[in-house]
Amino acid sequence: MLWQRPSPQGYIEDVPATGYDDWRNGARAGIVFALGAVGATSRVTVRRISGFSTDTNPTMVAVAAALAVWRGLGLSPLAEPLERLERVMLSSWQRSHNEIPVFA
């Protein structure tokens, strides 16, 4: 990891080889949602998950993962999947900090 200046929130945290299972499961949820929303099947490799423990939760990771999948596939989802991502993301602060999102 490159040295980074701290923000008012602290230092960026990179998910290590073990641990941060909630963030990992958030990424998985976002990937599954993104592929299903566009009817695609693909193998996805996550190279890095980073965030601040002060404001990153599994839902934020899921949203970032979903957007990355669509970008990687060169696809633009319809408005409904994007609205669902936004709705779940904005409501994530009203749920348990470690809750894995459900995009139903």
Side-chain angles (χ1 to χ4, degrees):
M1 179 171 102
L2 297 174
W3 182 85
Q4 298 169 348
R5 288 180 25 188
S7 79
Q9 297 168 298
Y11 288 92
I12 293 176
E13 299 172 39
D14 288 323
V15 172
T18 59
Y20 287 76
D21 291 337
D22 54 339
W23 286 14
R24 290 174 193 277
N25 290 329
R28 186 175 295 111
I31 291 165
V32 168
F33 171 73
L35 292 173
V38 294
T41 57
S42 185
R43 182 180 180 106
V44 176
T45 301
V46 177
R47 294 188 179 153
R48 183 177 183 183
I49 301 172
S50 300
F52 294 101
S53 61
T54 55
D55 70 356
T56 302
N57 63 35
T59 303
M60 298 303 154
V61 175
V63 170
L67 295 173
V69 166
W70 291 327
R71 182 178 297 134
L73 293 172
L75 300 173
S76 297
L78 297 172
E80 194 280 327
L82 287 172
E83 290 168 1
R84 193 177 327 171
L85 274 182
E86 183 177 280
R87 188 172 52 252
V88 171
M89 179 185 70
L90 293 175
S91 69
S92 72
W93 301 113
Q94 299 165 0
R95 297 188 308 272
S96 169
H97 184 71
N98 295 329
E99 185 177 321
I100 307 306
V102 176
F103 297 101

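Residue numbers run from 1 in the order of the sequence given.
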How far does CG of Asn57 sit from CG of Asp22, to the nearest 0.5 angstrom? 8.5 Å
Taking every heavy atom of Leu35 against every heavy atom of Val44, the minimum-distance pair comes out as CD1-CG2, 4.3 Å
Just wondering, do Ile31 and Val46 contact through their side chains at under 4.5 Å, heavy atoms? yes
I need the minimum non-hydrogen distance between Pro58 and Trp23, along with the two atoms involved. N-CD1, 4.2 Å
Tell me, with the steps shown, if Leu82 and Leu78 meet side chain to side chain contact (heavy atoms under 4.5 Å, CB included). CA-CA 7 Å; Leu82 287 172; Leu78 297 172; over 6 Å; no
Nearest atoms (heavy-atom pairs only) where Trp70 meets Ala37: CZ2-CB, 4.0 Å
With a 4.5 Å limit on heavy-atom distance, are the side chains of Pro81 and Phe33 in contact? yes
Does atom CZ of Arg95 have more than 12 heavy-atom neighbours, drawn from other residues, nucleotides or ligands, at distances under 6.0 Å? yes
Donor-acceptor pair, side chain of Ser91 and main chain of Val88, under 3.5 angstrom: yes
When you compare the side chain of Leu85 with that of Leu67, does any pair of heavy atoms fall below 4.5 Å? yes
Could you tell me whether a side-chain N or O of Arg24 sits under 3.5 Å from a main-chain N or O of Gly19, the two making a donor and an acceptor? yes
Taking Val63 as the starting point, is it possible to reach Leu75 by hopping between hydrophobic residues whose side chains are less than 4.5 Å apart? yes
Short N-O contact, Arg87 and Glu83, less than 4.0 angstrom: no
Starting at OG of Ser50, measure out to CG of Asp14 and round the result to the nearest 0.5 Å. 3.5 Å
Rounded to the nearest 0.5 Å, what's the gap from OG on Ser92 to CD1 on Ile100? Could you check? 11.5 Å
Might you work through the side chain to side chain contact (heavy atoms under 4.5 Å, CB included) test for Met60 and Trp93, ending with a clear yes or no? CA-CA 10 Å; Met60 298 303 154; Trp93 301 113; 3.3 Å; yes
Run the side chain to side chain contact (heavy atoms under 4.5 Å, CB included) check on Ile49 and Tyr20 step by step: do they pass? CA-CA 10 Å; Ile49 301 172; Tyr20 287 76; over 6 Å; no
